[in-house]
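Written out below as structure tokens is the structure these notes cover.
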Number of protein chains: 2
Amino acid sequence: MYVTLPSDFGAPEQFNIVVGPASRPNDASLKAGDTLFYEGDPVDWLYQVKSGVLRLTRVLEDGRQQVIAFGFPGDIVGFPSDGLHHTDCDALVDTRLQPYRRSALDSGERNPELHSVLLNAALHEISAMQDHFMMLGRKSAAEKVASFLCVLTNRIGKHVDGYQQVRLPMSRSDIADFLGLTTETVCRTFTQLRKSKIIEIENIYTITVVRPDALLGLTMRDCD
Amino acid sequence: MYVTLPSDFGAPEQFNIVVGPASRPNDASLKAGDTLFYEGDPVDWLYQVKSGVLRLTRVLEDGRQQVIAFGFPGDIVGFPSDGLHHTDCDALVDTRLQPYRRSALDSGERNPELHSVLLNAALHEISAMQDHFMMLGRKSAAEKVASFLCVLTNRIGKHVDGYQQVRLPMSRSDIADFLGLTTETVCRTFTQLRKSKIIEIENIYTITVVRPDALLGLTMRDCD
DNA sequence: CGGGTTCTTGACTATCTTCAACGAAAGTGG
DNA sequence: CCACTTTCGTTGAAGATAGTCAAGAACCCG
């Protein structure tokens, strides 16, 4: 999952779980905290998230970390470059996966339909990452956090008492590392949103969006 | 082209020009300033840059712009998502292109080898963009500019009097929009590098790297 | 219950942006 | 070819945004 532009919000994405002929690796489910693969590992499988949440990360030598993406149900992760993984991947909560052989991506000989699905997922990934560029490079902290919450409510929000409610599966520092901010800035922005009565923080991991319109308004700067 | 991590600098990329059976669209060359495609256009062709430089951009409603990538010789641009282009693309200088039918990416039936090349280019794109995330989200202005110059000298630098020299085909504001900075900050950082005698600014568009080691050192924070 | 982690808040600081001015370069039209 | 205009690059000063450092609060887990 990346933070995309508001224009995409209207039509919530399709999360078709592709069921196909795919024998599974050792185990297709992870406990919270388990690692699926590390940067540098050879890619034998791609995975579609069936339930749970994955976290894809990269680290710089000096310790600075970037969360590249979160993997929510429907997302496909593990695309190889030169046959290798280029991120670490672990599970934030218990997660079930549908594995696909990497060979299905390499060539459509055996299963053209699956090949096409995986290829399109990769291409989608590119365009979603382009959205995320815009966000990382050009948006303020408030815009980033608001955009993040908007995307999250769209993808995993539940209706509770007429309001959208989201359970955040990741820590504040994961959010910070995803948005290119510090944990402190993420915290402060959450607090501001709470004080502006745009969201309510039920508890650390549960956010209720009280004024979705106002939140959406914060995702972009006023266009004169 | 994205700004990648220093670890990739050792091995300069391969710029194999793939020659394959591909009838060409109207014209496979562009004058400086010409537009190749716009965001929202249907994708009929992918293009490999044979010579010249392309610029891929996105704009926000309020006018903020992000340069997504530069297309240097060897790069393949135009990957579709849902069959559409998701960036604008224009030429910074006169540019020659090798067009490939989009159908070659969609399926390998006709030409498995070309299919594989295009697919791998797309996958490479994903991992290069992940590097760029790290840069946009976690690096300081000085680190960004230094990284940018390092990548550029590696890709299009010429040896002149024993020094690497680069001709920048893009404006200061293009660089700023690529790195998530303002033109002023880019200017000031260039000036600092000049005053530190790490680079020389022959003229606005021509930079000589006097101390490549120092430049490389600036691309990352000291790891304690 | 206790110890450790994560979250939150405050005070201060650094970095980068904004605004403004000026100079250089490039394009235009007489 | 030269004056004019426009754009782009550079620099300075001031201000804002987000980062850093530090401390306390809340939460989690054994």
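In the text below, chain A, chain B and the rest are named by the order of the sequence lines, each starting its count at 1.
- Counted by atom type alone, Arg172(A) and Thr183(A) present zero donor-acceptor pairs between their side chains at under 3.5 Å.
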With ring pair (Phe, Tyr, Trp, His ring centres under 6.0 Å) as the test, would you mind laying out the steps for Phe133(A) and Phe133(B) before giving the verdict? CA-CA 7 Å; Phe133(A) 272 178; Phe133(B) 273 177; 5.3 Å; yes
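- Nearest-nucleotide positions on DNA chain C place Cys187(A) closer to the 5' end than the other of Ile204(B) and Cys187(A).
- To the nearest 0.5 Å, atoms CE (Met135(A)) and OG (Ser147(A)) are separated by 6.5 Å.
- Taking only side-chain nitrogens and oxygens, Arg172(A) comes nearer than 4.0 Å to OP1 or OP2 of dT8(C).
- Separating the CG atom of Leu181(A) from the C1' atom of dT20(D) is a distance of 14 Å, rounded to the nearest angstrom.
- For the helix from dC1(C)-dG30(D) to dG30(C)-dC1(D), the angle separating the two terminal helix axes comes to 50°, with each axis derived from five pairs and the value rounded to 10°.
- OP1 or OP2 of dT17(C) sits under 4.0 Å from a side-chain N or O of Thr182(B).
- In terms of position along DNA chain D, the nucleotide closest to Ala141(A) lies nearer the 5' end than the nucleotide closest to the other residue of the pair Tyr205(A) and Ala141(A).
- Atom CD of Gln192(A) and atom C1' of dT9(C) are 13 Å apart (whole Å).
- Within 4.0 Å of Ser171(B), counting heavy atoms only, lie sugar-phosphate atoms of the nucleic acid but no base atom.
- Rounded to the nearest 0.5 Å, atoms OG (Ser127(B)) and CE (Met129(A)) are 8.5 Å apart.
- dT17(D) atom C1' lies 16 Å from atom CG of Leu179(A), rounded to whole Å.
- Across all strands, Thr183(B) comes closer than 4.0 Å to no nucleic acid atom at all (heavy-atom distances).
- Residue Ile201(A) contributes atom CD1, which lies 8 Å from atom P of dT9(C) at whole-angstrom precision.
- Remark: C1' of dT10(D) and CG of Leu193(B) are 15 Å apart, rounded to the nearest angstrom.
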Evaluate the criterion side-chain contact (heavy atoms from CB on, under 4.5 Å) for residue pair Phe79(B) and Leu46(B); output intermediate values, then yes/no. CA-CA 7 Å; Phe79(B) 295 107; Leu46(B) 307 185; 4.0 Å; yes
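- Shown here for Ile175(B) and Phe190(B), the closest heavy-atom pair between the two residues is CD1-CZ, 4.2 Å.
- With a 4.5 Å cut-off on side-chain heavy atoms, His132(B) and Phe178(B) count as touching.
- Projected onto DNA chain C by closest heavy-atom contact, Phe190(A) and Arg188(B) fall at different nucleotides, the more 5' of which corresponds to Phe190(A).
- Here the P atom of nucleotide dA26(D) and the CG atom of Asn203(A) are 14 Å apart, to the nearest Å.
- Contact check, Thr185(B) against dT15(C): no side-chain N or O comes under 4.0 Å of OP1 or OP2.
- Atom CD of Glu184(B) is separated from atom P of dT11(D) by 12 Å (rounded to the nearest Å).
- Across the protein-nucleic acid pair, Leu168(A) atom CG and dC27(D) atom P stand 15 Å apart, rounded to whole Å.
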